[in-house]
Engineer: 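Take this structure first; my questions come after.
Convention: sequence-line order gives letters A, B, ...; per-chain numbering from 1.
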Amino acid sequence: MAEGRARTPALAPAGLRRRVRRPWTGPPRAIIIPGPPARPPAARGSPGRAPMHEDHEANADMGEPLLRRRHSLAHVLAQAVREVRPDARLGFGPAIETGFYYDFLLETPLSDHDLAAVEERMRRIVREDQPFQRVDLPADEAVARLERMGEPLKVEWARELAARGEASLSFYENGAFADLCEGPHVSRTGEIAADAFKLDKVAGAYWRGDEKRPMLTRVYGLAFPSRDELDAFLEQRRLAEERDHRKLGRELELFAISPEVGPGLPLWLPHGTVVRDELEALARETEFRAGYERVATPHITRAQLYYTSGHLPYYQEGMFPPMRLEGEDDYYLKPMNCPHHHMIYAHRPRSYRELPLRLAEYGSVYRYEQSGALSGLLRVRGMTMNDAHIYCRPDQLEEELRAVVEMHRYYYDLFRLSSFWMRLSLHEPTDGHKYVEDPEAWAYSEGVLKRVLATLDIPHRARTGEAAFYGPKIDFQIRNVVGREETASTAQLDFAMPQRFDLAYIGEDGQPHRPYIIHRAPLGTHERFVAFLVEHFGGAFPTWMAPVQVAVIPVGERFLGYAGKVAAALRSHLLRAQVDDSAESLNKKIRRATVAKVPNVVVVGGRDEEQGAVTWRRYVSQKEQISLPLEAFVATVQALRAGRLMDNFADTELPKVG
RNA sequence: GCCCAUGUAGCUCAGUCGGCAGAGCACCUCCUUGGUAAGGAGGAGGUCACCGGUUCAAGUCCGGUCAUGGGCUCCA
């Protein structure tokens with residue numbers, strides 16, 4: 001199913017997005033979701049996060065009233081901006097998932113502070129109930145009109161449309177404002193609810209998305225069918241902010257980013273490191289069962305290796321500049337682990353009998369991300385990834401690939417990430433510069449990927465031009481309960497590296513053959529995955545991952561001894577227990593443990609000590625509590641850990657012990 | 001890298017017209033010794049991101065730099 005309009009599982013209810021002809025005022029691929037989204041768009045992750053690129057493919061039904069209103073609001077916005085800044089030239093102004101935007105070419109960009117005045121004028125225009133009038137012109141007349149209007153960007157676009165064979169182009173006019181636009185629009189501005197839209201923010205955007213072209217000022221607006229829905233969106237956005245991994249990461253002391261160390265280079269604090277360690281333990285076990293072997297490789301490497309791999313010709317802008325050494329090769333920080341793993345494969349001759357060879361490493365890599373791209377833990381310059389490379393024979397490729405996809409599914413089930421889909425990234429045959437040249441290999445490997453995906457019951461979409469330079473890939477897009485969607489991991493099929501590194505195995509026939517390589521990283525990077533989980537869990541980890549698994553709170557100083565005994569019993573089983581021995585009140589201690597989202601709190605006092613028991617209170621259920629013997633409690637927590645139960649979800653059944 | 005915004009105590013944030021640096025929480029000390037989400041009192045803590053300029057005087061005005069946030073581009 002390689003169609004762009006693939007099933008859109010769980011992410012957006014089927015049928016919500018439909019293909020549509022592009023509105024002329026909109027950039028190619030406007031994003032449109034008519035009607036209130038099934039899941040509030042705020043849920044889309046952190047506030048103000050741009051609509052997903054994925055949605056650019058999914059256009060919608062032009063007949064929808066909401067779309068008409070949003071698109072019309074884009075015109076009204078342009079009209080209002082024109083009043084404030086007559087020099088503004090028009091770019092594109094489409095409806096988007098949460099409203100609309102319009103791009104303007106301006107001598108001096110607008111600022112956030114100009115928005116109130118613009119919005120005021122927009123409301124006035126809406127109140128004036130101006131009629132929208134469509135005017136169709138032959139293409140050449142349309143171009144001439146735009147030239148008279150002094151709209152260079154629109155002229156460019158109209159010429160392009162004409163060149164594509166559009167015989168006639170339409171304008172929409174309302175009041176004193178006219179814009180090249182396919183429509184449709186509301187018939188009068190009065191059809192727009194004046195209290196259901198709100199200007200959101202200004203941003204920069206390159207004309208036609210091309211960084212070599214002028215930077216335009218983009219004004220984003222929110223627009224919904226009603227005031228209530230707008231308010232609901234804003235509330236959702238606020239709730240997402242509460243779960244933002246940067247906020248929770250600071251509050252829970254998971255990580256810190258210090259300018260002294262460098263942007264995009266997070267420091268993992270003790271609590272965050274526990275989470276990483278648990279993820280690594282999970283990966284180690286899972287990979288061991290799946291027949292992987294662990295390896296370890298250095299962080300810096302001679303330049304020559306990256307000429308061999310092709311990183312220097314194809315990926316140099318993504319790498320930190322080299323370390324220069326007198327009389328020696330340059331050294332580079334590694335941006336990927338693959339070349340090292342290939343060298344491990346190649347360190348001695350390989351037999352077909354030892355394939356597939358699966359080499360795994362939680363490896364740290366460094367990439368030079370543009371400063372403007374950095375964002376919390378989601379986009380960093382130093383990251384540690386759940387990497388592995390599978391070297392296999394052609395006849396094993398399909399099975400290995402399927403196993404890789406299944407491993408993803410296993411993890412997603414475990415973490416209760418029910419919303420995920422895959423993007424099959426294929427190469428763009430006409431773009432020779434971006435990809436290693438080998439048409440046959442591209443065709444073959446892309447064919448295998450498509451075949452494997454075709455047999456799996458996981459939704460996917462194909463996209464051209466997004467392959468890695470050395471082969472096609474599958475990106476796993478996951479969405480958490482807050483609605484943040486991220487590329488969690490990537491599985492790549494690689495036919496180029498075996499050639500570049502001259503990797504071989506001796507086959508049954510005694511002759512050397514090329515292996516295939518699968519690159520995979522189901523848990524992605526610690527940075528992105530932990531950030532994602534923090535938001536998914538709202539900072540409340542399951543017992544097995546929690547930095548502090550059990551907080552032990554004595555009801556009074558007299559019971560500190562017993563509290564210590566309880567904690568010691570837990571620690572002897574390698575459970576992370578902490579006694580609150582502060583001088584605070586009992587209520588305060590419970591509050592502190594709760595605010596820290598510790599999954600299990602045990603309160604101990606005279607009653608408990610007499611019976612050798614604890615009173616157990618859980619984060620998920622709060623007030624509910626039970627009293628049980630210490631041994632039973634320890635065994636229960638052990639079972640929670642051993643089973644990696646997601647006891648941070650209220651519907652998870654607790655293990656029965658003894 | 002480009003556009004916009006922001007930067008005051010560990011955190012969240014006040015600080016008016018340029019005129020002595022503020023609050024709550026957290027932290028420390030003392031009192032309180034308790035049965036399920038903030039007991040009480042006191043204390044300490046700031047080169048107002050950094051550099052420069054204007055001014056008798058700058059947290060406040062201007063310029064630059066750095067960082068963060070939101071976009072664009074790019075990607076795990």
Side-chain angles (χ1 to χ4, degrees), chain A residues 46-51 53 101 103 106 108-115 200-220 241 244 246-247 250-251 253 256-260 262-264 315 317-318 335-336 365 367-380 383-387 425 466 468 473 475-476 486-490 492 519 521-529 531-532 553-560 582-595 601-608 615 617 622-625 627:
Chain A
S46 80
R49 188 149 286 262
H53 290 202
Y101 70 76
D103 288 342
L106 288 159
T108 39
L110 286 165
S111 129
D112 294 358
H113 306 298
D114 301 319
L115 255 35
D200 197 20
K201 61 203 167 187
V202 307
Y206 297 110
W207 169 236
R208 313 291 298 270
D210 183 346
E211 60 186 332
K212 291 179 194 67
R213 314 205 60 183
M215 173 65 66
L216 308 180
T217 300
R218 174 171 298 178
V219 178
Y220 281 98
E241 270 173 47
D244 190 287
R246 288 162 294 203
K247 177 179 156 73
R250 186 167 49 237
E251 289 172 0
E253 298 197 65
I257 294 177
S258 134
E260 283 81 2
Y315 193 72
E317 75 287 353
M336 295 183 190
V365 298
R367 300 182 185 173
Y368 188 78
E369 295 292 341
Q370 296 186 332
S371 59
L374 300 175
S375 175
L377 287 183
L378 292 172
R379 185 153 237 63
V380 293
M383 69 210 91
T384 300
M385 61 193 304
N386 173 221
D387 216 355
S425 291
E466 301 207 343
K473 62 178 182 178
D475 288 315
F476 294 79
E486 288 292 341
T487 300
S489 79
T490 298
Q492 276 159 347
H519 304 242
L523 297 178
T525 61
H526 278 323
E527 286 69 21
R528 186 169 286 182
F529 203 75
F532 192 84
I553 299 177
V555 300
E557 202 178 358
R558 288 194 295 133
F559 308 106
L560 263 177
S582 66
E584 303 293 347
S585 64
L586 174 63
N587 280 347
K588 184 65 167 287
K589 289 176 184 174
I590 286 168
R591 177 179 158 78
R592 269 211 293 224
T594 307
V595 168
V601 172
V602 293
V603 176
V604 294
R607 297 205 292 267
D608 304 279
T615 302
R617 169 192 171 113
Q622 292 301 315
K623 300 254 187 245
E624 293 170 34
Q625 56 178 347
S627 185

Engineer: Using the side-chain heavy atoms of A/Arg250, tell me which of these nucleotides is nearest: B/A76, B/U12, B/C4.
Structural biologist: B/U12
Engineer: Let me spell it out: for each of A/Tyr206 and A/Thr490, pick the nucleotide of RNA chain B with the closest heavy atom. Which residue's pick is nearer the 5' end?
Structural biologist: A/Tyr206
Engineer: In whole Å, measure the gap between the P atoms of B/U55 and B/G15 for me.
Structural biologist: 28 Å
Engineer: Within the 4.0 Å limit for protein heavy atoms, which parts of nucleotides 34-48 of chain B are touched? Write it as a string from 5' to 3', B for base, S for sugar-phosphate only, - for none.
Structural biologist: BBBBBS---------
Engineer: Tabulate atom names and distances for all N/O pairs under 3.5 angstrom spanning the protein and nucleotides 59-63 of chain B.
Structural biologist:
none

Engineer: From CD of A/Glu317 over to P of B/C2, roughly how many Å is that when rounded to an integer?
Structural biologist: 17 Å
Engineer: Verify the contact: side-chain N or O of A/Arg213 to OP1 or OP2 of B/C72, cut-off strictly under 4.0 Å; return yes or no.
Structural biologist: no
Engineer: Does the structure show a Watson-Crick or G-U wobble partner for B/U68, both distances under 3.5 Å? Name it, or say none.
Structural biologist: B/A5
Engineer: Base, sugar-phosphate alone, or nothing: which one does A/Val365 contact when heavy atoms must sit under 4.0 Å apart?
Structural biologist: nothing
Engineer: So what's B/U60 paired with, Watson-Crick or G-U wobble, going by both distances under 3.5 Å?
Structural biologist: none
Engineer: Provide the Watson-Crick or G-U wobble partner of B/G24, both distances under 3.5 Å; none if there is no partner.
Structural biologist: B/C11
Engineer: Using OP1 and OP2 only, check whether a side-chain N or O of A/Ser371 sits under 4.0 Å from B/A67.
Structural biologist: no
Engineer: Expressed as a whole number of Å, how far does the P atom of B/A49 sit from that of B/U16?
Structural biologist: 14 Å
Engineer: Show the nearest heavy-atom pair for residues A/Leu378 and A/Ala531, with the distance to one decimal.
Structural biologist: CD2-CB, 3.8 Å
Engineer: Using a heavy-atom cut-off of 4.0 Å across all strands, would you classify A/Lys247 as base, sugar-phosphate, or nothing?
Structural biologist: nothing
Engineer: Does A/Arg208 pair with A/Asp210 as a salt bridge, N-O distance under 4.0 Å?
Structural biologist: no
Engineer: P atom, B/C13 versus B/C51: distance in rounded Å?
Structural biologist: 25 Å
Engineer: Distance between the C1' atoms of B/A44 and B/A5, in whole angstroms?
Structural biologist: 35 Å
Engineer: With a non-hydrogen cut-off below 4.0 angstrom, is A/Met385 in contact with a base, only sugar-phosphate, or nothing?
Structural biologist: nothing
Engineer: Can you check whether A/Glu369 reaches A/Val380 side chain to side chain, under 4.5 Å on heavy atoms?
Structural biologist: no
Engineer: For B/G70, does OP1 or OP2 lie under 4.0 Å from any side-chain N or O of A/Arg246?
Structural biologist: yes
Engineer: If I take atom NZ in residue A/Lys201 and atom C1' in nucleotide B/C3, what distance separates them, rounded to the nearest angstrom?
Structural biologist: 14 Å
Engineer: Can you give me the closest heavy-atom contact between A/Ile553 and A/Ala593, atom names plus distance?
Structural biologist: CD1-CB, 4.3 Å
Engineer: Just checking A/Ala521: base, sugar-phosphate only, or nothing, at a heavy-atom cut-off of under 4.0 Å?
Structural biologist: nothing
Engineer: Map A/Arg592 and A/Gly524 onto RNA chain B by nearest heavy atom, then report which one ends up closer to the 5' terminus.
Structural biologist: A/Arg592
Engineer: Between A/Thr217 and B/C3, is there a side-chain N or O to OP1/OP2 distance below 4.0 Å?
Structural biologist: no
Engineer: Please state how far atom CD in A/Gln370 lies from atom P in B/G69, giving the value in whole angstrom units.
Structural biologist: 16 Å
Engineer: Considering every strand and a 4.0 Å limit on heavy-atom distances, what is the contact class for A/Glu369: base, sugar-phosphate, or nothing?
Structural biologist: base
Engineer: Does A/Lys247 reach the main-chain N or O of A/Glu241 with its side chain, forming a donor-acceptor pair under 3.5 Å?
Structural biologist: no
Engineer: Quick check: closest heavy atoms across A/Tyr206 and A/Arg213, and the distance to 0.1 Å?
Structural biologist: CD2-O, 3.6 Å
Engineer: Mind checking if A/Ile553 touches a base, just sugar-phosphate, or nothing, with heavy atoms under 4.0 Å?
Structural biologist: nothing
Engineer: Counting Watson-Crick and G-U wobble pairs only, both distances under 3.5 Å, name the nucleotide matched with B/G35, or none.
Structural biologist: none
Engineer: Nearest whole Å is fine: how far is B/G70 C1' from A/Leu115 CG?
Structural biologist: 13 Å
Engineer: Please work out if A/Leu374 contacts a base, only the sugar-phosphate, or nothing of the nucleic acid, heavy-atom cut-off 4.0 Å.
Structural biologist: sugar-phosphate
Engineer: Would you say A/Gln622 has more than 12 foreign heavy atoms packed within less than 6.0 Å of its CD?
Structural biologist: yes
